[in-house]
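To start, the structure under review is shown below, and the notes come after it.
The sequence lines fix the lettering, A, B, ..., with proteins before strands; numbering per chain opens at 1. Everything numeric in this text was worked out from a predicted model, so none of it was measured.
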Amino acid sequence: MSALLEVRGLRTVFHTRAGEVWAVDGVDVEVRRGECLGIVGESGSGKSVTFASVMGLVRSPGRVAEGQIVFEGRDLRALSAREMRAVRGKEIAMTMQDALTALNPALTVGEQIREALEAHDETLPARGQARRAAIRAKSVEMLGLVGIPSAESRLRQYPHEFSGGMRQRIMIAIALACRPKLLIADEPTTALDVTIQAQVLELITDIRARLGMSVVLITHDLGVVAEHCDRVMVMYAGQVVESGPTEDVIASPRHPYTRGLLASIPRPGLRGQPIKPIEGQVPDLIGMPPQCRFYSRCPLRRDACLAPVAMRPAGEGRSARCVLLDEVPA
Amino acid sequence: MSLGKLIERLLQLVPVLLGVTLIVFVMMALTPGDPVQIMIGDQTITPEQEEALRRGLGLDRPIVERFFVFLGNAAQGDFGQSFYHRRPVADVISERLPATIELSLVALIVALVTAIPLGVLAAIRKNSIFDKLATVGSLLGVSLPGFWFGILLIMLFAVQWHILPVSGRIGYASEVPTITGFLLIDTLLHGNLPAFWDAVKHLILPAVTLGLPMTAILMRVTRTSMLEVLRQDYVTFADAKGLSRRRVLFRHALKNALIPTVSVAAIETGSLLGGNMIVETVFGWPGLGRLVVESIFLRNYPLVQAAVLLYAVIYVGLNFFADILYTILNPRVKL
Ligand SMILES: Nc1ncnc2c1ncn2[C@@H]1O[C@H](COP(=O)(O)OP(=O)(O)OP(=O)(O)O)[C@@H](O)[C@H]1O
Ligand code: SF4
Ligand SMILES: [Mg+2]
């Protein structure tokens, strides 16, 4: 399987009054064609910033400082702003963490779908009645796809006239409108109640299978990962600490942090459990010493951990960032 | 907009108007100066003649009685006679009103047309040289006294460079018979383009002077709300959709950012009324503002009272209008 998206050595910094915050500090990501990659980690571990960097959406005071972001062989960081706009929404689409604030309150839902189609869809008729009719048909189709009934009449409505779950689906419909090759779904279910959560996730998995796209699923919920993701990547304090096939990582976590995460969840009912933070605090990202970032909270820490710790292979298709791997061969 | 809401607003107007009338009466009573003495000037008349004059104007009655008489008449639409003009106040005011409305509307348009683009640009180029100049400029705009700025403009454009006229609404040679009272419209209705152009030239300096503080305020409001809106998730999401920068800025950001701007503009239009008095006086503009100033000096009580009531009605009306605009622009709010 070839990689659709390959990120190498990504570093993204925010210049704050308190100092430089390296929210993403040397992250590698690989997303393969057709797969679902899960991203987990505590709040503030850099999940959203990593993929905002991929999309070229990091705003001042933030900046992507280093790294390569290669999508289908093209380095996205080398693209002009205009070329990047042609990638966003068309090749890589994103849903935002908070659906309630991601839709524009002053524009109708119909317009917010239409403009995405107009920006990218070259199969539409060039102008006139035929174009309007085609856009309308596609918009209705997309809303139907995400399970919004009587879509035709709802296109004229504003976001506040929809429930939270519906807005989440509308955002997904917009993201999927141009048939992207990669969907980045940033916590698509956090704001929703449990039954709607399940529906939205089913929807994404279902559409993924139908459209053959890849999905990056950012979540706090390991149960969601277990159910929907082929591979998983665990982030901690701006770095990836472990990655590998979901089943393997859950069955035998290699990194103490992953182990901690899993230990905090009752085994059979993985689903619906939020990640319970392990003892201690996530370290302050400002002025972080070059040691293992989990050091202060790690039950297995030792002197070797005070040096910089790199990712190491940890078995078939797996890797982890921990010195213990050198001692206990995987 | 329900009928009940409309009636509620109209009822709110009653205490406002009562209060305003009372305040004007009290202030007039406290202001030194006697309208009769002013009318007499340096003519010599007998005390009997003076007494008759005073009685004729109703000024021999106690102030409390005058207050209630005024209220009673005003409630029936009678605002009395202008002491000075010896004609009904309502007539005098309605003659002068179009000049003021025309000037205010043009000032408002000038303010909106300059403030919104400048505010948007300042927000997009936050912390740039342009942004800093705009900040200083708007600070000057709100703090420069209108009469000072007006005189400065007259000195430069009229006296020094002879580009624009010093004062008035239109040159004698260009005067046209009144149809609507709005010269820009009347000159066009008469098909008199040179006169139209003359009226435009007369309007420029007073409109700029009158509109300057409003321009400054609206620019700040636009800049602030644009910056606020640009931080919103829906702008990021619009970017994530790969929309053009123009569409993200003007359709997604500006449409929301204009909500406060338009509301403030509607409310601030009320403050143009106060500005009018100064600007019309400086530019010899034959409108209501100058009439009121003259009437205050002449202690022409009935006219001042009626004009202030009119100001109050306009002010409340504009606030109401601002609320309506807010609902139209903001689909989330239902009145
Ligand atoms: N605009 C910003 N200014 C300063 N620092 C920021 C900004 N945005 C993000 N950060 C920093 O980046 C870190 C990572 O943020 P990010 O949003 O990627 O976390 P996350 O893993 O998505 O968390 P969550 O699960 O809460 O969404 C934050 O802890 C914060 O310190
Ligand atoms: S490197 Fe050391 S401190 Fe870090 S996770 Fe491994 S054992 Fe713990
Ligand atoms: Mg996040």
Side-chain angles (χ1 to χ4, degrees), chain A residues 48 51-52 54-61 81-109 111-121 156-161 167 170-171 173-178 180 183-184 186, chain B residues 116 120-132 221-263 323-335:
Chain A
S48 297
F51 289 93
V54 168
M55 295 283 285
L57 291 175
V58 176
R59 293 232 181 82
S60 168
R82 190 196 180 83
E83 290 166 327
M84 196 59 208
R85 269 195 289 277
V87 172
R88 283 199 288 261
K90 171 111 181 84
E91 312 278 332
I92 311 176
M94 186 170 87
T95 64
M96 309 265 300
Q97 197 160 342
D98 186 356
L100 299 188
T101 56
L103 294 178
N104 193 319
L107 304 180
T108 62
V109 163
E111 175 169 358
Q112 297 188 58
I113 304 179
R114 187 179 73 227
E115 62 184 1
L117 291 167
E118 281 181 329
H120 301 297
D121 195 331
R156 272 190 306 274
Q157 294 186 316
Y158 289 92
H160 73 272
E161 297 173 73
R167 282 191 245 179
I170 292 167
M171 186 166 63
I174 293 172
L176 296 178
C178 301
L183 172 70
I184 296 165
D186 195 346
Chain B
I116 293 173
V120 169
L121 208 60
I124 299 174
R125 307 220 189 292
K126 190 184 169 209
N127 293 332
S128 67
I129 299 284
F130 172 81
D131 183 26
K132 282 171 186 151
V221 171
T222 306
R223 177 187 180 272
T224 309
S225 66
M226 191 73 183
L227 282 176
E228 174 65 30
V229 164
L230 286 174
R231 270 199 297 274
Q232 298 299 311
D233 274 359
Y234 56 77
V235 171
T236 308
F237 189 55
D239 268 328
K241 287 153 82 175
L243 305 179
S244 68
R245 185 164 163 76
R246 209 181 58 220
R247 190 166 176 91
V248 174
L249 283 179
F250 295 107
R251 191 74 189 147
H252 281 265
L254 190 59
K255 180 146 195 231
N256 286 284
L258 279 186
I259 295 172
T261 306
V262 170
S263 303
D323 285 356
I324 294 176
L325 270 181
Y326 188 79
T327 22
I328 292 174
L329 289 172
N330 193 341
R332 278 168 297 187
V333 186
K334 287 273 167 287
L335 263 192

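Remark: Leu107(A) CG to Tyr234(B) OH distance equals 9.0 Å, nearest 0.5 Å. Atom-to-atom distance recorded for Asp239(B):CG and Arg85(A):CZ is 7.5 Å, nearest 0.5 angstrom. Going from atom CG of Leu57(A) over to atom CZ of Phe237(B) covers 11.0 Å, rounded to the nearest 0.5 Å. Distance CG/Asn330(B) to NE2/His160(A): 8.5 Å, rounded to 0.5 Å.
Within the 4.5 angstrom heavy-atom criterion, atoms from both the backbone and the side chain of Val235(B) approach chain A. Ile174(A) touches chain B through its side chain: at least one heavy atom from C-beta onward sits under 4.5 Å away, while N, CA, C and O do not. Heavy-atom distances place no part of Arg82(A) under 4.5 Å from chain B, backbone and side chain included. Contact annotation for Met84(A): neither backbone nor side-chain heavy atoms come within less than 4.5 Å of a heavy atom of chain B. Neither the backbone nor the side chain of Ile259(B) comes within contact range of chain A; no heavy atom of the residue lies under 4.5 Å from a heavy atom of that chain. With a 4.5 angstrom heavy-atom cutoff, Ser60(A) does not touch chain B via any of its atoms. If you measure heavy-atom distances from Glu118(A) to chain B, you find no contacts under 4.5 Å at all.
Not counting sequence neighbours, the partners of Arg223(B) by the salt bridge (Lys or Arg N to Asp or Glu O under 4.0 Å) test are Asp131(B). Residues forming a side chain to side chain contact (heavy atoms under 4.5 Å, CB included) with Thr222(B) (at least two apart in sequence, or on another chain): Ile116(B), Val120(B), Thr261(B).
By number of non-hydrogen pairs under 4.5 angstrom with chain B, the leading residue of His120(A), Glu115(A), Met94(A) is Glu115(A). With chain B as partner, the option from Ile92(A), Thr101(A), Thr95(A) having the largest number of non-hydrogen pairs under 4.5 angstrom is Thr101(A).
Evaluation of the salt bridge (charged side-chain N to carboxylate O under 4.0 Å, His left out) test over residues 224-238 of chain B, restricted to residues two or more places apart or in two chains, returns Glu228(B)-Arg231(B).
Residue Arg156(A) places its CZ atom among 12 or fewer non-hydrogen atoms of other residues, nucleotides or ligands, all under 6.0 Å distant.
The shortest non-hydrogen separation linking Ala106(A) to Lys255(B) is O-NZ, 2.9 Å. Closest of all the heavy-atom pairs between Ala119(A) and Leu243(B) is CB-CD2, 4.0 Å. Nearest approach of Pro105(A) to Pro331(B), heavy atoms of both residues: O-CG, 3.3 Å. The minimum heavy-atom distance linking Met96(A) with Thr236(B) is given by the pair CE-CB, 3.9 Å.
Proximity to chain A at a heavy-atom threshold of 4.5 Å picks out Ser244(B), Arg245(B), Arg247(B), Arg251(B), His252(B) from residues 244-252 of chain B, in numerical order.
Between the side chain of Lys90(A) and the backbone N or O of Gly242(B), no donor-acceptor pair lies under 3.5 Å.
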